[in-house]
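To start, the structure itself, in structure tokens.
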Amino acid sequence: MRWSQAFIPTLRDDPAGAEAISHKLLVRGGYIRQLMSGSYSLLPAGFRVRNKVRAIIAEEIDSIGGQEFLLPVLHPAEVWQRTGRWEAMGDELFRLKDRRGVDHVLGMTHEEIFTLVATELKSYKQLPQLWYHFQTKLRDEPRPKSGLLRVREFVMKDSYSFDLDEEGQAKQFDAHHAAYTRIFKRMGLETVPVEASSGAMGGSDSVEFMVQSTAGEDFVAFSGRCGYSANVERAQSRIPTVANTNPLEATEKFPTPGVRTIDALASFEGGAAAENQIKSLVYIVDEDPILVLMRGDHPLQEQKLADHLKAGELRPAHEDEIVDLLGAHPGSLGAVGVSDVRIVADVGLQGRNGMTTGANEDDFHLRGVDIERDIDVSEWVNLREVKAGEGCPSCDGDLEVYKAIEVGHIFKLGAKYSKTLGATVLDENGKARPIIMGSYGIGLGRAVAAIAEVHNDDKGLIWPVAVAPWEVIVTLVKTDPDTMAAGEHLYRDLKAAGLDVLLDDRNERPGVKFTDAELVGIPYRITVGPRGLADGNVEFVERAVGERSDIPLDGIVAHVKGLVDQALAG
RNA sequence: CAGGAUGUAGCUCAAUGGAAGAGCACCGGUUUUGGGAACCGGUGACGGAGGUUCGAUUCCUCCCAUCUUGACCA
């Protein structure tokens, strides 16, 4: 490609309102342009990067037996209604009607449609299967942000495995795990696989591939000693046990005028330390209220609650709903004497007595509460969100918590979709069995952004060779006939060697060209000018290193080719 | 959906209740250049609808859009 003919609109200024480094640099480097919130056009350079990411993924998924499909984006609502996700997905699902008034959805994922195709599988002899496609997903995100990191329209590689039994599915899951590790490594991403919640996808085992980055939106709990890693949505931790104090024969109601918070009760005369309080939270789960109990100083991890309840929709109850249910306002709530509401309590409260909690009467609390004795707990669940500094659950080290970008996610789906959509095969005994499935996703744009987020400096992007839009740029420092001729020649030789080359033949000041090359982030630069040519040399710079060296013109192609091959070999 | 912020030229930003400016970009010309050069000339903007006012880009209301802080996901 000749830069003089190329559309690579670089910008001097950061786009207004951009926070994430990848967002700023991808816009400034001429890779992407925003159409609207959460929707970006990929410009030629951006498209090239994405295609390299795509190729790496396709190669690795093919290597574990993947077969590429292309399934529709427009789906009949009826299929989503059959699996219950028409309701479960809520507002995030784009819905539309056709001219006859029939409901349709724009696919946000493809479990349903792939499963439908899989209903043609009839015999265990046809299994296992591994199917995938790269397809646009549309999600009406509540809040798109950070450029390509969180958008409403994006291309995802999603694969789906089909097996006769859990054992076969486990193999495919492990194969994906390994393939994902290779994929991300090849594109220059250091990932950590973490235990995760499978959320609305519905599944059992679930592993997310995380890239540590302050631009990320997930929090990962990590033990440097043993390597334990888990999304805080799932993470466990060890905390010191709290000894019970002040047990009472029976609960005792006492006035607490104006006390509405844990802190206020802790500092209130006759109150109790946060660790000796029971925090009572009311949630509405798919229309029904439930009462959630936590130790006063423990935060609730909502996803843990949602996972436990297998909830579709989960939200804190509104104040009027709370008053209707318990007869008091938030700040004076408790579970003592409550019998007609499901009560889910955190395991951190098990065995506790002498606790203080709201009396379900404004301005009154109860002390001396023995949880097992006084509260009708329906189930004990781990609901606490871990904090940095707490003990690792699998070694005696401490946990740290860092921000991360989720670049890949793999799930075991079991028979959830095959059962409801009728994807069954006959086993050796001629008995129909629902196919056991797994699903595995990687967002292309997000991967590109994650790479950009990690590989940059104050001058711009620094693409790993494997995903760079061009592997090498030839910068003509002057556009006189001799330099042009030498540059053109070199350009042809580099291309003949199989390299992706960009020739900067623009009639611009050298400074402009150097700065642009650095912003765009091309890994290797060859500078051609009259000065060097007089000695038979060109100048060579590796973007990541920045040091210039003179290399004979007749050896430069082999030099660069060698470096590129080495980089691609990993 | 709730809180906060912002909407002025292609981009990044100013100013103003009374004829809207800059830098960069772009077009024409001079300059022919080893780290975002100079000069001359030129094109080009007040998100939308109401309201207050003699007069609104400015003040008010609503709408829309974008960004940002909280729950979903690749």
Side-chain angles (χ1 to χ4, degrees), chain A residues 9-20 23-24 27-28 33-39 53 57 88-93 108-109 134-137 139-159 180 196-201 206 208-211 216-218 231 233 283 300-303 305-306 312-316 318 405-411 439-450 459 475-480 483 507-519 525 527-533 538-539 541 548:
Chain A
T10 58
L11 263 23
R12 278 193 177 181
D13 297 308
D14 285 334
E19 291 283 325
H23 184 192
K24 294 178 185 173
V27 171
R28 286 188 52 209
R33 287 295 185 265
Q34 184 177 37
L35 173 64
M36 58 177 167
S37 179
S39 184
V53 166
I57 296 170
M89 287 305 187
D91 290 336
E92 205 164 318
L93 190 59
M108 52 160 39
T109 176
F134 290 88
Q135 182 58 288
T136 299
K137 314 287 172 181
R139 299 182 183 179
D140 196 354
E141 285 284 343
R143 196 153 87 75
K145 58 184 286 202
S146 306
L148 254 31
L149 280 173
R150 181 178 208 75
V151 293
R152 300 199 293 174
E153 172 176 345
F154 61 98
V155 174
M156 178 163 83
K157 184 288 299 176
D158 42 328
S159 31
Y180 272 37
S197 159
S198 42
M201 292 300 162
S206 161
E208 291 170 335
F209 288 79
M210 296 296 205
V211 174
E217 303 177 88
D218 285 87
N231 194 310
E233 292 174 351
Y283 274 80
L300 167 69
Q301 169 47 249
E302 278 192 17
Q303 190 63 46
L305 181 63
E313 198 189 343
L314 176 75
R315 63 168 174 84
H318 301 141
I405 301 167
E406 179 193 343
V407 290
H409 199 164
I410 60 181
F411 310 86
S439 102
Y440 317 86
I442 298 178
L444 261 49
R446 184 120 111 196
V448 169
K459 291 175 178 158
T475 301
L476 303 183
V477 90
K478 260 181 146 177
T479 49
D480 63 283
T483 307
N507 185 20
E508 285 290 350
R509 304 253 324 161
V512 174
K513 296 185 176 187
F514 295 147
T515 311
D516 266 347
E518 282 156 350
L519 174 61
R525 190 183 82 220
T527 308
V528 180
R531 248 187 236 173
L533 286 177
V538 292
E539 183 188 281
V541 186
R548 306 172 211 170

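No hydrogens, no waters, no symmetry mates; every other heavy atom, side chains included, goes into these values. So you know, we letter chains A, B, ... as the sequences are listed, proteins then strands, and number each from 1.
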Can you tell me, in whole Å, how much space there is between the [atom1] of [N] and that of [M]?
N	M	atom1	result
B:rG29	B:rC64	P	48 Å
B:rA14	B:rU52	C1'	27 Å
B:rU58	B:rA2	P	26 Å
B:rA65	B:rG47	P	16 Å

Tell me what [X] touches on the nucleic acid: a base, only sugar-phosphate, or nothing, going by heavy atoms under 4.0 Å.
X	answer
A:Gly408	sugar-phosphate
A:Val477	base
A:Val541	nothing
A:Gly445	nothing
A:Pro510	sugar-phosphate
A:Gly17	sugar-phosphate
A:Arg548	base

Considering only side-chain heavy atoms of [X], which listed nucleotide, [options], is closest?
X	options	result
A:Glu19	B:rU12, B:rC73, B:rU68	B:rU68
A:Arg525	B:rC73, B:rG35, B:rC67	B:rG35
A:Arg509	B:rA37, B:rU32, B:rC13	B:rA37
A:Gln303	B:rC73, B:rA37, B:rG36	B:rC73
A:Asp516	B:rG34, B:rA74, B:rG36	B:rG36

Does any nucleotide pair with B:rG28 by Watson-Crick or G-U wobble geometry, both distances under 3.5 Å, and what is it?
B:rC40
Compare all side-chain heavy atoms of A:Glu217 with those of A:Ser146 and state whether any distance is below 4.5 angstrom.
no
Do A:Asp140 and A:Arg152 have side chains that get closer than 4.5 Å, going by heavy atoms?
yes
With a 3.5 Å cut-off and just heavy-atom distances, do the side chain of [X] and the base of [N] make a donor-acceptor pair?
X	N	result
A:Glu508	B:rG36	no
A:Arg12	B:rG10	no
A:Glu302	B:rG70	no
A:Asp218	B:rC73	yes
A:Arg143	B:rC67	no

Evaluate whether the aromatic ring of A:Phe514 and the six-membered ring of the B:rG36 base sit under 5.5 Å apart, centre to centre, with an inclination under 30°.
no
Compare side-chain N and O positions of [X] against OP1 and OP2 of [N] and report whether any pair is under 4.0 Å apart.
X	N	value
A:Gln301	B:rA71	no
A:Lys145	B:rU69	yes
A:Ser37	B:rA65	no

For A:Asp480, does the CG atom have more than 12 heavy-atom neighbours from other residues, nucleotides or ligands under 6.0 Å away?
yes
